[in-house]
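Scroll down for the structure; my scribbles are underneath it.
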Amino acid sequence: MKVYQTKEIRNVALIGGNRTGKTTLAEAMAFHGGVINRRGTVEDKNTLSDYRDVELERQQSIQSTVLYAEFEGSKINMIDCPGFDDFIGETIGAMRVADSALMVINAQNGVDVGAEIQWRWTKTMHVPVVFVVNQLDHEKANFDETLHQLKEYFGGSVMPLQYPVNAGIGFDAVIDLLQMKMLKFPANGGKMVVEDIPADQKDKAEEMHNALIEAAAENDEALMDKFFEEGTLSEEEMVRGLKLGIANRGTFPVICAAARTDQGIDRLMDLIIKNCPSPDEAPAMKATNGNEHKFNAAEGFVGFVFKTTIEQHLGEVSFIKVCDGEVAKAADLLNTNTNTKERISQLLVFAGKNRVEVEKAVAGDIVATIKLKATPCGSTLVAKGDDTIEATEYPNPKFRTAVRAKNTADEEKLGAILNEIRKTDPTFLMEQSKELKQMIISGQGEQHLNIVKWMVEKLNKIEVEYYAPKIPYRETITKSAEAMYRHKKQSGGSGQFGEVHMLIESYYEGMPTQSKYPIRATESYDLPWGGKLIYNNCIVGGAIDARFMPAILKGIMEKMEEGPLTGSYARDIVVNIYDGKMHPVDSNELAFKLAGRNAFKEAFKNAGPKILEPIYDVDVFVPSERMGDVMTDLQGRRGIMMGMDAEGAFQMIHAKIPLAEMNKYSTTLSSITSGRASYSMKFSEYQQVPAEVQSEIIKKYEEENKDEE
């Protein structure tokens, strides 16, 4: 393979809903680009992408797949992305390094849920979009209705560059509004034939052509002036205007295709090369120190690892977007995230399951390497300097569950496997929770975590089960209380003796200092789980020796780590140790630790104890017509509505909801809205649970403890 220069490279992400034909389109483009000499199909399970076992079994994309095609002296890097929202992390990672996106739309169904969701991400990430209306050869294909939906959902800047002459069975021609010609496609592919526009299509073509000229002119002042003077633009001038419009998201072209029958692919690839931005025409990659990397081949090498996979016979594969300079095989580089030196042992270009070794890649290109020592997804590799590319922002997890191996002997191995999955999936989180005494995994939805389960069981042969995760409650108090505890134990020889008197209070910012017992010394602790502990020494007259005060504190901290009500962490408490007793022989640190622990437990129960629960900010993006159903459901989850924002035909509902009420919410929301709504959630604060809920939580905890005994 030749070394492609930055201007000769186009990086596109293939996005859109499920079953729109993205994988088939990628296959057709690879075929036309000479990467393969025979097209595979999803049904025959022999496509370049969707080659992993789980994808073959389910016949759907789970991971993004990097491919390429060589066409008309240029290289098109394609990233075929999943259509389900549960795997949105793969799409976000792809769009981070793509310079434009092909949004594939099924001509039978029009704009679907996946398109709506992924469109919002293109807006957030400011990625140019070209719409590809696919499956125009299907008997139920309806281009006019699809175009109407595109304009309705995505605005008036949606502009057709083509329209089909005969959508449906027998589809074989489009009117190209840039060239003002009819393009005829031979059955089952082949070189397209350029013909004059038939007489019965001329009026329609002229009307749409004029609208396209005006749209192209609006993106450039000089073109607008010429349009006003002459009333038209040349094809070359239209291309220039459209390219500017695509790059700044001022124009969203619509292109026709039937990937399954290999029709319209050559012209699509030609339009990508001529109209989509090259890397040096796209926004720069920003570093954390403020530097910008503008895909300049003359600069020193900077590369961003945007994807990591585990490939059979290869091991860990790292995919790199070259942000500046060039990289060659055997290059010595530095990972600026981990300060680790790495060597590029091989430089590869992937086309799904196929790969080709190359000698060099320049700024803007996408390449891969293997067996890096300590360079996970999101890392920056440099030839010199210390720039670190800003991390990709992924959505917070929306679905959590506890997991355990059915055979307890496999627990350690399960943890190692889940950590390996985490390396290749930034939206999957795993935590061995000391607090909850559970292994908790989190992801983007139930299907996301079901795929994780499939991988553990099918690929690693470990049977696992998912079960309800506990809620990380917090315990605190609402008033003051005093308690004393004497620990006394005698069993021959030296015994154990320690007596502690304490006053505990509820801590809050700016609270007055208690005056009942003079404070001699104060220690303040920011607790690892949030909140504070203030520890006051109020001992006078040597009732407890100062050397035992740390032991009392240790006992208190132990009980705060396993709160008296539910075993959850306790927080925001002031402890005043004001009296006690010692024995000249039997007093020791263990005795005072136990006395402090038990005195705290007694005082806590008499101080108006309350349970706090985690509250999340939840934003639900829902079609306006389903808003009432969604709000009713949220209120049933103890949600507090914080406001709403309108966005086209959708509403964004803002609410605060307890985590305890969010279990399997993604499944419920999908059911209520037929999959058209999406949501995000982020931890907000801890709030006191209602009295009736607290009683249920305590009762359940006591029953569980009783069963364990």
Is the shortest heavy-atom distance from the side chain of [X] to the side chain of [Y] under 4.5 Å?
| X | Y | result |
| --- | --- | --- |
| Arg96 | Ile389 | yes |
| Trp454 | Glu57 | yes |
| Ser100 | Val130 | no |
| Ile272 | Met29 | yes |
| Ile310 | Lys423 | no |
| Thr380 | Val305 | no |
| Glu281 | Phe295 | no |
| Pro160 | Leu147 | yes |

Exercise: do [X] and [Y] side chains pair donor with acceptor under 3.5 Å:
| X | Y | value |
| --- | --- | --- |
| Ser61 | Lys22 | no |
| Thr65 | Asp80 | no |
| Thr375 | Glu342 | yes |

[X] atom [atom1]: more than 12 heavy-atom contacts under 6.0 Å:
| X | atom1 | answer |
| --- | --- | --- |
| Lys2 | NZ | yes |
| Lys353 | NZ | yes |
| Glu357 | CD | yes |
| Arg355 | CZ | no |
| Lys7 | NZ | yes |

[X] (side chain) donor-acceptor with [Y] (main chain) under 3.5 angstrom:
| X | Y | answer |
| --- | --- | --- |
| Ser64 | Ile79 | no |
| Arg52 | Leu56 | no |
| Asn166 | Asp172 | yes |
| Asp137 | Phe171 | no |
| Thr124 | Arg120 | yes |
| Glu27 | Gly40 | yes |
| Asn134 | Cys256 | no |
| Ser278 | Arg10 | no |
| Thr146 | Asn142 | yes |
| Asp86 | His448 | yes |

Mind checking the [atom1]-[atom2] spacing from [X] to [Y]? Nearest 0.5 Å is all I need.
| X | Y | atom1 | atom2 | result |
| --- | --- | --- | --- | --- |
| Lys458 | Ile451 | NZ | CD1 | 11.5 Å |
| Asn109 | Gln149 | CG | CD | 9.0 Å |
| Ser678 | Gln118 | OG | CD | 11.0 Å |
| Lys184 | Met192 | NZ | CE | 14.0 Å |
| Ile417 | Glu457 | CD1 | CD | 10.5 Å |
| Phe143 | Leu136 | CZ | CG | 7.0 Å |

> Between Leu177 and Ile175, does a side chain to side chain contact (heavy atoms under 4.5 Å, CB included) hold up when you go through it step by step?
Replying inline: CA-CA 6 Å; Leu177 300 169; Ile175 302 299; 4.2 Å; yes

>> Between Trp121 and Ile92, is the side chain to side chain contact (heavy atoms under 4.5 Å, CB included) condition met? List the steps.
In response: CA-CA 7 Å; Trp121 280 105; Ile92 292 169; 3.6 Å; yes

> Hey, mind stepping through Thr23 and Asp50 against side chain to side chain donor-acceptor pair (under 3.5 Å) and telling me if it holds?
Replying inline: CA-CA 7 Å; Thr23 295; Asp50 285 12; 3.3 Å; yes

> Just checking, Arg249 and Trp119: is the charged tip under 6.0 Å from the six-membered ring centre and within 45° of the axis?
Replying inline: yes

Grab the two heavy atoms, one from [X] and one from [Y], that are nearest each other, plus how far apart they are.
| X | Y | answer |
| --- | --- | --- |
| Ile320 | Leu381 | CD1-CD1, 4.0 Å |
| Glu90 | Cys81 | O-SG, 4.5 Å |
| Gly89 | Thr427 | CA-CG2, 3.5 Å |
| Ala13 | Met95 | CB-CG, 4.3 Å |
| Val317 | Ile370 | CG2-CG2, 3.9 Å |
| Leu271 | Ile255 | CD1-CD1, 3.7 Å |

>> Can you tell me which residue among Val362, Val382, Val322, Asp324 is in a side chain to side chain contact (heavy atoms under 4.5 Å, CB included) with Phe301?
In response: Val322

>> Under the side chain to side chain contact (heavy atoms under 4.5 Å, CB included) test against Leu314, which residue among Gln312, Glu311, Glu316 passes?
In response: Glu311

>> In terms of relative ring orientation, are Phe319 and Phe350 parallel, tilted or perpendicular, with 30° and 60° separating the classes?
In response: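 Phe319 and Phe350: perpendicular rings.
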
>> Going by salt bridge (Lys or Arg N to Asp or Glu O under 4.0 Å), Asp365 matches just one of Lys75, Lys321, Lys360. Which one?
In response: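 So, applying the salt bridge (Lys or Arg N to Asp or Glu O under 4.0 Å) to Asp365 and each of Lys75, Lys321, Lys360, only Lys75 qualifies.
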
> Could you walk me through whether His138 and Asn106 pass the side chain to side chain donor-acceptor pair (under 3.5 Å) check?
Replying inline: CA-CA 10 Å; His138 194 277; Asn106 185 332; over 6 Å; no

> How far apart are the C-alpha atoms of Arg19 and Gln59, what are their side-chain angles, what is the distance that settles it, and do they pass the side chain to side chain contact (heavy atoms under 4.5 Å, CB included) test?
Replying inline: CA-CA 10 Å; Arg19 308 294 181 191; Gln59 292 196 4; 4.3 Å; yes

> Between Thr20 and Asp112, does a side chain to side chain donor-acceptor pair (under 3.5 Å) hold up when you go through it step by step?
Replying inline: CA-CA 9 Å; Thr20 55; Asp112 60 11; 5.7 Å; no

> Are any of the side-chain nitrogens in Arg267 or Asp176 under 4.0 Å away from the carboxylate oxygens of its partner?
Replying inline: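 Looking at Asp176 together with Arg267, the answer is yes, because their closest N to O distance falls below 4.0 Å.
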
> After noting the C-alpha distance and the side-chain angles of Val349 and Val66, does the key distance pass the side chain to side chain contact (heavy atoms under 4.5 Å, CB included) rule?
Replying inline: CA-CA 9 Å; Val349 172; Val66 180; over 6 Å; no

